[in-house]
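Worksheet: one structure, shown below.
This one's a predicted model, so the numbers in the text were calculated from it and none came from an experiment.
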Amino acid sequence: MDTTKRREALGAAIRERRMEQGLSQERLAFMVGSSKAHIWRIEKGSVGVGLDDLCRIADALDTKVSELMPF
């Protein structure tokens, strides 16, 4: 699996978990100290995610980082 596909898979997992919890991108962004646009780019798979951001997202979604990486 190449990097683009990994980013897309991670973004899809974040989006799925966020939607399961009924959170908007704006709310998730607020919870992790980011912007809605950045969350959108992460979910789309168009940007890489640093470890610190990924940990904050996992914490906000009450999940483990490993559960957001289906690869």
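Listed by chain and residue number, Asp53 satisfy the salt bridge (charged side-chain N to carboxylate O under 4.0 Å, His left out) test with Arg56 (two or more places apart in sequence, or in another chain).
Atom CD of Gln21 has more than 12 heavy atoms from other residues, nucleotides or ligands within 6.0 Å.
Using a 4.5 Å cut-off between side-chain heavy atoms of Ile, Leu, Val, Met, Phe, Trp and Tyr, with links allowed through other members, Leu10 and Met31 fall into the same hydrophobic cluster. Ile39 and Met19 fall into different hydrophobic clusters, defined by Ile, Leu, Val, Met, Phe, Trp and Tyr side-chain heavy atoms under 4.5 Å apart, directly or through other members. Cluster membership check: Leu28 does not share its hydrophobic cluster with Trp40, using side-chain heavy-atom separations under 4.5 Å among Ile, Leu, Val, Met, Phe, Trp and Tyr.
Interatomic distance, CG of Leu68 versus NZ of Lys64, reported as 12.0 Å (0.5 Å rounding). In this structure, Glu20 CD and Thr63 OG1 are separated by 9.0 Å, a value rounded to the nearest 0.5 Å. Taken from CD in Glu26 to OG in Ser35, the straight-line distance is 10.5 Å, to the nearest 0.5 Å. To the nearest 0.5 angstrom, Asp59 atom CG is 9.5 Å from Leu54 atom CG. In this structure, Ile14 CD1 and Lys44 NZ are separated by 15.5 Å, a value rounded to the nearest 0.5 Å. Distance check, rounded to the nearest 0.5 Å: NE2 of His38 to CD of Glu43 gives 11.0 Å.
Side chain of Arg6 to backbone of Met1: a donor-acceptor contact under 3.5 angstrom is found. Arg41 places no side-chain N or O within donor-acceptor distance of the main-chain N or O of Ser46, the cut-off being under 3.5 Å. At least one donor-acceptor pair closer than 3.5 Å links the side chain of Arg17 to the backbone N or O of Asp62.
Closest approach of Ala29 and Lys36 over heavy atoms only: CB-N, 3.5 Å.
Proximity of Leu61 to Glu67: side-chain heavy atoms (C-beta onward) are nowhere separated by under 4.5 Å.
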